[in-house]
Amino acid sequence: MSFIDNILESIGIYDIDKDQKYRFTVFGETAGYFENIAGIRYYTEEEIALSLKRGGLIVRGEGLYIKKFCSGDVVICGKITAVEKI
């Protein structure tokens, strides 16, 4: 069970589609947890582009850095101001 699945279960949400291509959760403005990421296209302190199987995501903010990238999971820290699908 993934980190996000544990959180959803603990707050009683069971009907989320488990077959989604990707999921992400942003914790305030300080961190984001992204699942089912195929790779990292590029990153700067202001922008990180993540590859999905189809398309991608752009995370925008200030002082961004990649804390973890393992088995399709990415943790991004810094001040996150936007996440856009591309």
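All heavy atoms count here, side chains included; hydrogens, waters and symmetry mates do not. Everything numeric here is computed off the predicted structure, so don't read it as measured data.
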Which residue pairs pass the salt bridge (Lys or Arg N to Asp or Glu O under 4.0 Å) test with at least one member in residues 45-64, sequence neighbours excluded?
->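 The answer is Glu47-Arg60, Arg60-Glu84.
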
Is there any salt bridge (Lys or Arg N to Asp or Glu O under 4.0 Å) pair reaching into residues 66-83, and which pairs are they, with sequence neighbours excluded?
-> none

Counterpart residues, side chain to side chain contact (heavy atoms under 4.5 Å, CB included), relative to Leu52 (two or more places apart) =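 Leu52 satisfies side chain to side chain contact (heavy atoms under 4.5 Å, CB included) with Tyr22, Ile37, Leu57, Lys85 once adjacent residues are dropped.
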
Would you compute the distance between atom [atom1] of [X] and atom [atom2] of [Y] and round it to the nearest 0.5 angstrom?
X     : Y     : atom1 : atom2 : answer
Arg23 : Tyr33 : CZ    : OH    : 8.5 Å
Ile58 : Ile86 : CD1   : CD1   : 4.0 Å
Leu50 : Phe69 : CG    : CZ    : 8.0 Å

Heavy-atom closest pair, residues Ser51 and Arg41 |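 Looking at all heavy atoms of both residues, the shortest contact is OG-CG, 2.9 Å.
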
Compare all side-chain heavy atoms of Val59 with those of Ile80 and state whether any distance is below 4.5 angstrom.
->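 Val59 vs Ile80: side chains touch.
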
Contact check, side chains of Val83 and Val26, non-hydrogen atoms, under 4.5 Å | yes

Evaluate the criterion side chain to side chain contact (heavy atoms under 4.5 Å, CB included) for residue pair Val75 and Phe27; output intermediate values, then yes/no.
-> CA-CA 11 Å; Val75 176; Phe27 302 96; over 6 Å; no

Shared hydrophobic cluster, Ile40 / Leu64 (ILVMFWY, side-chain heavy atoms < 4.5 Å) = yes

Inspect the surroundings of OH in Tyr43 and state if more than 12 heavy atoms from other residues, nucleotides or ligands are less than 6.0 Å away.
->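 For Tyr43, atom OH is not crowded (no more than 12 foreign heavy atoms under 6.0 Å).
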
Side chain to side chain contact (heavy atoms under 4.5 Å, CB included) between Val74 and Ile48, worked out = CA-CA 11 Å; Val74 177; Ile48 298 176; over 6 Å; no

